[in-house]
Amino acid sequence: MRNNAIFRIIVLSVMLPVFWSCTPQSEEDRFIDDLLSRMTLEEKIGQLNQLDPSWDAEMKEQLIREGKVGSVFNIVGAKQVNRLQRIAVEQTRLGIPLVAARDVIHGFRTIYPIPLGQAASWNPGLVEQAARLTAEEAAAEGIRWTFSPMVDVARDPRWGRIAEGYGEDTYLASSFAAAATRGYQPTIAACVKHFAGYSASEGGRDYNTTWIPETQLRDVYLPPFKAAIDAGAMSLMCSFNDLNGLPSSANHHLNVDILRHEWQSDALLVSDWGSGSDLVPHGLCADKKEAALRCINARMEMDMQGNIYTDYLAELVREKKVSEKQIDDCVRSILRMKYRLGLFDHPYVSEDTPEPYSEQALATATQLAEQSAILLKNNGILPLQGNNLRLLICGPMADQRKEQLGTWVFDGEPARSVTPYDAFRRATDSRFAYIRMLPGLSYSRDKNTSRFKELEQAAQQADVILFFCGEEAILSGEARCRADLNLPGAQAQMMDRLAATGKPVVMVVMAGRPLTIGRQVEQADAVLYTFHGGTMAGPAIYNLLTGKTVPSGKTPVTFPKMVGQVPLYYNRHNTGRPSYDPPMLIDSIPIGCPQFSIGQSSYWLETPTEPLFPFGYGLSYTTFEYGKTVVTPTDGQKNNYLVSCTVTNTGEWDAYEVVQLYTRQLSGDLVRPIRELKGFERVFIPAGETRTVRFPLAPEQLAYWHERKNDCQSTVYLATDTALFQVWIAPDSRCQALADTLCIR
Ligand code: BGC
């Protein structure tokens, strides 16, 4: 059943040292080896220390002067960074420069949409450009290392950090992982995180345990890391979770077997914030010294904030529990990153800092916010057309400079945000007779309904209502998990009241995750889901609602109908008893019904398995018609194919369409998902025109990880099964009507 010719995992651990010893030394290696040969053990350990930002200023300077710091963290501004850099370069014995790190997650000063929103653009090229502009802004203020991109594939919207990643699909996340890495580097070093499996936390609760079989880890969670590494990512970050019982900072299999041997990566591996010392509360180590030993043995190279390396490594070397070679290997990684950043030659940053928020950055932020917005429903009200419309803008998110920026924003200034209300009010738009603003609720969790009466009266007088709802920034991101995915506060009640007026309501959702908004979607005439759109969210939303720009975003994650469906993702297995439609729901079961008389299939009594919106879904102001998918062999012997179909813009607007390629394996060694994304393209199609979209499809793209068990020994390997596949090109993951087939022999 297996295609023997392809994809065996080659174990390189034995061969690599031989290879290395034969390779002539590069300039970089010579430089690093020379420096390393002159360093004392204390200086080496110093390089592995990322300074705890909570030390006071004097203490920080002293530690740097003593050569006990390799990287500073959360120091911003050219002058501030240069001051510390001068101490490292001019007042320490070897003058090794520091590297200044910061969480620059979706923009530095100019804030772009949260990464989950960026993923809705399905436009890696634009994300790369945003990362490049971000890197320029950050580097101008001394930052040379960002803890981004986060590439954890997330299938659970309860998990607050779903906001920080690129959604639920491995292929899509891998495309963005590579794009963001290319964008940041070489201006600043990327740090791909969190290695690995962090997003599969039980119950969607942050930092929680994850149980992931090795084959699933490799099929679903690791490829985006590999994509970033292949794009040249200079560093990675360990994750907080224990993976199958072993926290990542102590996980030799992840950090050495996979990262160093299999992937041959020389990227620096940094802990997460104190994730090394966390081995004690995890219950893996009795004390911090043991934690330091476990971490260094698992090659966690730099210690962020935890102080376990500074406190215990020298002692462990003296006790001969750790060899100096182990330390050298780690130090090489940090020196290499500094070398590649050019810090040895140019340690300082110009103090003549250019103005942030350049025209190009703001234009890119607007464009990305436009492409990150998904039109989920439109009964024809959008784009807003007509003359002298009386417009009511309401809702707790309509005019919130800080909240629209989203999670993980330290340097973006809310004062620079342009809100949706700003954008509508500033536009001189003859469409509107007047624009009235009445928030109704002050913030997303507000339960005070005392202003609803006045709101209803204003709604009665309006021709169109724009309702801006969602979540404040603080409700998503790290440690911000939710057990309830409904609109918080009295927002649902507010929508009830607006809908009861009978006036058209356009709902704009600004949130950090998919919310369970089924009822509101039914009530609204149109729904635009923008996530947290960043500095330029307002103009982007204005452009979309008024038709200056045609919506093109598609969901990067499945939207559940109710929280009990979670985790719900598009590439699930079918089960032997797939849900049939319509299933017998709880209220329709006859009283006293015998146990098996209503059938057995896989669903919940309250809802079928269908989501509210599937992965890959999004509407436009125009309509597209897809032709039949055609699979043509290009090299029959090697099982290479070209998959194509025509897409016609059958509406009246020139527009972009995100065209998606899916496959399904119909039999094989193991059960495979009911659909898997294998390619996508954003195609511009003028009204009335047709484009042919083509995707190459090679057997490597159909490979997946298998496990062989022999005498209790298990081996995993990548292989493509000999099997029949369905292949189709579609506007979203649910649409499968026009599939063709191909056979891998
Ligand atoms: C987060 C990381 C972040 C680090 C530094 C941790 O709590 O998990 O993603 O980069 O803090 O701020």
Side-chain angles (χ1 to χ4, degrees), residues 35 39-105 108 138-148 188-189 191 235 237-238 268-278 288 291-292 295 300-315 327 330-331 333-335 337-339 341-344 346-351 353 408 410-411:
L35 187 52
M39 291 170 79
T40 64
L41 178 63
E42 280 63 33
E43 285 164 341
K44 289 176 186 174
I45 293 171
Q47 285 301 307
L48 305 185
N49 179 29
Q50 182 161 63
L51 190 62
D52 184 338
S54 63
W55 291 113
D56 66 34
E58 221 171 284
M59 190 64 179
K60 277 188 189 137
E61 293 186 10
Q62 191 185 323
L63 289 168
I64 295 170
R65 204 168 285 117
E66 289 169 6
K68 291 188 172 151
V69 179
S71 166
V72 289
F73 183 16
N74 288 348
I75 309 286
V76 182
K79 280 201 177 78
Q80 289 83 331
V81 173
N82 280 347
R83 205 185 64 243
L84 299 182
Q85 190 71 297
R86 241 171 248 120
I87 301 175
V89 172
E90 294 165 26
Q91 299 176 32
T92 64
R93 199 176 69 88
L94 293 170
I96 301 174
L98 299 165
V99 53
R102 182 86 162 152
D103 287 289
V104 179
I105 306 295
F108 181 66
E141 300 202 38
I143 308 302
R144 298 303 303 281
W145 186 14
T146 176
F147 299 132
S148 169
I188 60 177
C191 183
S235 69
M237 186 186 289
C238 297
L268 169 70
L269 182 65
V270 63
S271 77
D272 200 345
W273 179 278
S275 65
S277 54
D278 282 357
K288 288 190 182 178
C295 289
M300 180 196 94
E301 297 182 323
M302 178 173 257
D303 181 20
M304 180 199 293
Q305 186 271 343
N307 296 317
I308 53 172
Y309 282 181
T310 44
D311 289 352
Y312 302 108
L313 271 192
E315 204 175 313
I327 312 266
C330 301
V331 177
S333 296
I334 174 70
L335 296 180
M337 190 171 99
K338 291 179 179 181
Y339 182 92
L341 284 170
L343 283 165
F344 287 99
H346 304 287
Y348 303 113
V349 57
S350 161
E351 294 187 9
T353 309
W408 282 110
F410 297 124
D411 307 287

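A quick note: this is a predicted structure, and the numbers were derived from the prediction, not measured.
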Ignoring hydrogens, what is the shortest heavy-atom contact between [X] and [Y]? Give both atom names and the distance.
| X | Y | answer |
| --- | --- | --- |
| V104 | A138 | CG2-CB, 4.3 Å |
| L98 | V69 | CD2-O, 3.6 Å |
| K68 | T310 | O-CG2, 4.3 Å |
| V81 | G142 | CG1-O, 3.8 Å |
| Y348 | V89 | OH-CB, 3.6 Å |

- prompt: Less than 4.5 Å apart, any side-chain heavy atom of Q50 and any of V270?
  reply: yes
- prompt: Between the main-chain N or O of P347 and the side-chain N or O of Q85, is there a donor-acceptor pair closer than 3.5 Å?
  reply: yes
- request: For the pair K44 (side chain) and I327 (backbone), establish whether a donor and an acceptor sit closer than 3.5 Å, ignoring hydrogens and angles.
  value: no
- request: Could you label the plane-to-plane angle of the F147 and F73 rings as parallel, tilted or perpendicular, counting under 30° as parallel and over 60° as perpendicular?
  value: perpendicular
Does a donor on one side chain sit under 3.5 Å from an acceptor on the other, for [X] and [Y]?
| X | Y | answer |
| --- | --- | --- |
| E351 | N82 | yes |
| W145 | S71 | no |
| E66 | Q62 | yes |

task: For the pair K60 and D52, find out whether any cationic side-chain nitrogen is under 4.0 Å from an anionic carboxylate oxygen.
output: no
